[in-house]
Amino acid sequence: MESSRRSFLKIAGISALGLGAKPVLDVMASSGEAAKPETIRDPKALLAKRWGMVIDTRKLQTEEDLKPMIDICNKIHNIPHFENHLHEIKWIWSEEFENDFPMQEADFLDDRLKHMPFLTLCNHCNVPPCVRVCPTKATFKREDGIVMMDYHRCIGCRFCMAACPYGSRSFNFRDPRPFIKKLYTGYPTRTKGVVEKCDFCAERLAVGEIPACVEVSKGAIAFGDLDDLNSEVRKLLRDNYAIRRKPALGTGPSVFYIV
Amino acid sequence: MLEKALTGTKRYYGWMAALLAVIGVGFICYLWQFTFGLGLTGMSRDVSWGFYVAQFTFLVGVAASAVMVVLPYYLHNYKAFGRITILGEFLAVASVSMCILFIFVDLGQPIRIMNVILHPTPNSMLFWDMIVLNGYLFLNIIVGWKVLEAERNNVPPAGWLKPLIYLSIPWAVSIHTVTAYLYCGLPGRGFWLTAILAPRFLASAFAAGPAFLILLCMLVRKITKFDPGREQIQSLAKVVAYAISVNVFFFLCEVFVAFYSKIPEHTEHLKYLFVGLHGHGVLVPWMWASLILMVLAIILLVNPVTRKNETVLALACVAVFVGTWIDKGLGMISGGFVPNPLNHVTEYVPTLPELAISIGVWAVGFLILTALYKIAVTIKEEVEGLI
């Protein structure tokens with residue numbers, strides 16, 4: 001009796017070890033080219049080495065100027081609206097200069113600039129801390145620089161929210177679906193318990209459309225490949241002095257502000 | 001040996017039943033949270049970690065402190081601690097169990113928890129925390145159990161245990177180091193971005209854990225026939241005295257660096273905790289209470305006259321435990337999130353269901369602790385011929 005129980009436990013233990021080790025071994029083994037899944041790309045898809053955004057704040061002076069961009073984003077991404085501000089979901093919103101650029105505030109800043117609303121969104125960092133800390137790779141950086149979320153893999157540990165130095169991430173503290181004003185069928189809704197944020201409209205880029213906020217900005221926001229010398233964003237950055245949020249942290253934001 | 005936990009006095013059964021009732025309330029609240037979401041708690045977009053993660057952080061420290069009895073006994077052959085190593089190890093088992101539960105109840109999608117193993121991600125500190133915590137749990141269960149079994153059978157412990165015992169010493173340091181690394185490697189969180197966060201965590205751990213162990217030893221002596229011993233308690237008291245002093249010293253180092261450099265990102269969090277920021281200061285009385293308790297404990301523990309008086313010692317240990325609990329279990333996590341990276345102040349206060357779930361997890365820990373201590377103490381009583 002004793003020996004059979006012992007041998008059963010041995011086998012059970014070894015089996016559990018084997019099952020546990022399999023995914024780890026799979027990761028080691030998947031370095032070969034053959035293991036890569038094939039992706040079928042829309043021929044119209046917009047491609048870049050590193051997507052980036054340049055916001056010309058001279059053209060966006062008031063909350064009214066920002067509203068169309070914020071509204072279109074909320075609409076096409078099924079962003080819920082909660083009365084309780086603790087549970088807010090925000091992808092793109094407005095902040096004052098001192099909140100967006102805390103270490104760059106100038107004492108005698110022009111009053112116009114001081115109280116002007118600044119568009120605030122995920123910076124799609126070149127060295128994203130959120131990706132570094134995620135324990136499941138549910139948030140990851142694509143080859144084109146976009147920092148994405150896999151809503152189906154996220155375990156809701158919120159480590160990425162602690163790591164983001166820009167407060168760009170939101171968590172679904174409750175089921176968001178009843179709080180979506182009008183359901184938009186072109187983008188998935190989320191479930192409670194997962195983190196979300198701006199994804200540079202990756203779903204639109206994939207079918208050849210530029211991000212929605214850029215489209216409605218009447219030229220105030222430029223979007224393009226930061227790696228391409230001839231792109232519009234690079235031209236704007238050559239001709240104007242632009243700032244980024246918290247550059248000292250070394251995260252390398254891909255969103256630039258011309259002030 | 002497990003059968004020892006199943007029989008006991010009426011008082012034992014009553015205590016266990018009371019714990020089960022508390023666990024039941026916590027479990028019902030957890031089911032509520034499971035269906036509604038983490039919106040049931042006081043956490044928010046700005047303060048995205050709260051009471052659960054703070055309890056986890058504090059308890060990792062209590063768990064790590066087992067090394068304070070294991071190290072002197074096994075590495076320096078300090079015989080006196082042989083009587084209480086098992087109490088330290090079993091305290092670690094109960095604490096790590098609570099840590100794992102606190103992480104679990106904090107997840108937004110708990111049913112996906114296995115994703116951490118299915119998609120192993122070594123660049124995430126949480127991945128390493130899972131490894132060190134589970135490893136430490138198993139090390140302490142195996143070592144504690146086998147050494148106790150050998151003691152009962154009046155034979156020396158098996159030879160293969162030695163490497164595991166030695167391994168458990170640096171492993172204890174690792175669990176609290178990795179836990180500190182969860183916080184101190186994050187850019188833009190000035191309060192945590194300090195190289196002495198791991199040393200600070202260890203110092204407060206080696207104060208809080210042994211202080212709690214002293215109280216447990218006194219309790220064991222009072223309600224059972226087994227006496228952990230006066231020398232043991234006094235030696236532990238010296239450990240607590242040094243550790244709590246170092247903890248307060250480390251804290252003062254942080255205060256100096258923040259306020260002499262005057263870098264806002266570092267001063268604002270301390271200001272929020274100790275004097276309030278922009279009219280918000282829900283934690284101010286708590287933080288001052290914590291500091292006063294810790295300083296009071298230093299005075300009582302460093303002075304040999306008061307330390308040797310066991311009544312005063314017990315009070316000092318309560319002061320250490322409560323003081324470090326406020327410091328880590330309340331201030332450490334909230335303090336890091338307020339103000340948020342955009343300099344807005346959103347305060348955090350736990351909700352009642354959140355507290356009920358937390359108390360439920362603590363009750364699970366006490367249930368495990370009581371059962372394990374019951375086994376250990378009964379065997380000690382048998383070996384010493386007391387029953």
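Per chain, numbering begins at 1; letters A, B, ... match sequence-line order. Heavy atoms only: backbone and side chains are in, while hydrogens, waters and symmetry mates are out.
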Notebook entry, point to check: Taking atom types as modelled, is there a side-chain donor on A/S170 or B/R45 under 3.5 Å from an acceptor on the other?
Noted result: yes
Can you tell which part of [X] gets under 4.5 Å to a heavy atom of chain B, answering side chain, backbone, both or neither?
X	result
A/R169	backbone
A/V131	backbone
A/D175	backbone

For [Y], does its backbone N or O pair with a side-chain atom of [X] as donor and acceptor, under 3.5 Å?
X	Y	result
A/K246	B/P187	no
B/W49	A/M161	no
B/S44	A/L86	no
B/N123	A/R132	yes
A/K192	B/T35	yes
B/R189	A/P165	no

Side chain, backbone, both or neither of [X] within contact of chain A (heavy atoms, under 4.5 Å):
X	result
B/F337	side chain
B/L182	both
B/F34	backbone
B/M43	both

If we define contacts as heavy-atom pairs under 4.5 Å, which of [options] has the most with chain A?
options	answer
B/S124, B/G37, B/P264, B/P110	B/S124
B/G188, B/P122, B/G39	B/G39
B/T121, B/T41, B/L40, B/D46	B/T121

Hey, could you give me the [atom1]/[atom2] distance between [X] and [Y], rounded to the nearest 0.5 Å?
X	Y	atom1	atom2	answer
B/I117	A/T136	CD1	OG1	12.5 Å
A/C134	B/N115	SG	CG	9.5 Å
A/F159	B/Y183	CZ	OH	8.0 Å

Please indicate whether [X] has more than 12 foreign heavy atoms, meaning atoms of other residues, nucleotides or ligands, lying under 6.0 Å from its [atom1].
X	atom1	result
B/F259	CZ	yes
B/F27	CZ	no
A/E83	CD	no
B/M114	CE	no
A/K75	NZ	no
A/L183	CG	yes

Side-chain contact test, heavy atoms from C-beta onward, threshold under 4.5 Å: evaluate it for [X] versus [Y] and give yes or no.
X	Y	result
B/R112	A/R153	no
B/H344	A/N99	yes
B/F36	A/F173	no
B/I113	A/I155	no
B/L126	A/C157	yes

Next item on the list: Might you work through the side chain to side chain contact (heavy atoms under 4.5 Å, CB included) test for A/V133 and B/M125, ending with a clear yes or no?
Entry: CA-CA 6 Å; A/V133 302; B/M125 282 301 124; over 6 Å; no
Next item on the list: Please step through side chain to side chain contact (heavy atoms under 4.5 Å, CB included) for the pair A/E95 and B/L342, ending with a clear verdict.
Entry: CA-CA 9 Å; A/E95 291 281 351; B/L342 293 135; 4.1 Å; yes
Margin query: Applying side chain to side chain contact (heavy atoms under 4.5 Å, CB included) to A/R158 and B/D106, what does each step give before you reach the verdict?
Written below: CA-CA 9 Å; A/R158 310 186 299 297; B/D106 187 64; 2.6 Å; yes
Margin query: Using side chain to side chain contact (heavy atoms under 4.5 Å, CB included), reason through B/S48 and A/F171 one step at a time and then give a plain yes or no.
Written below: CA-CA 8 Å; B/S48 46; A/F171 179 73; over 6 Å; no
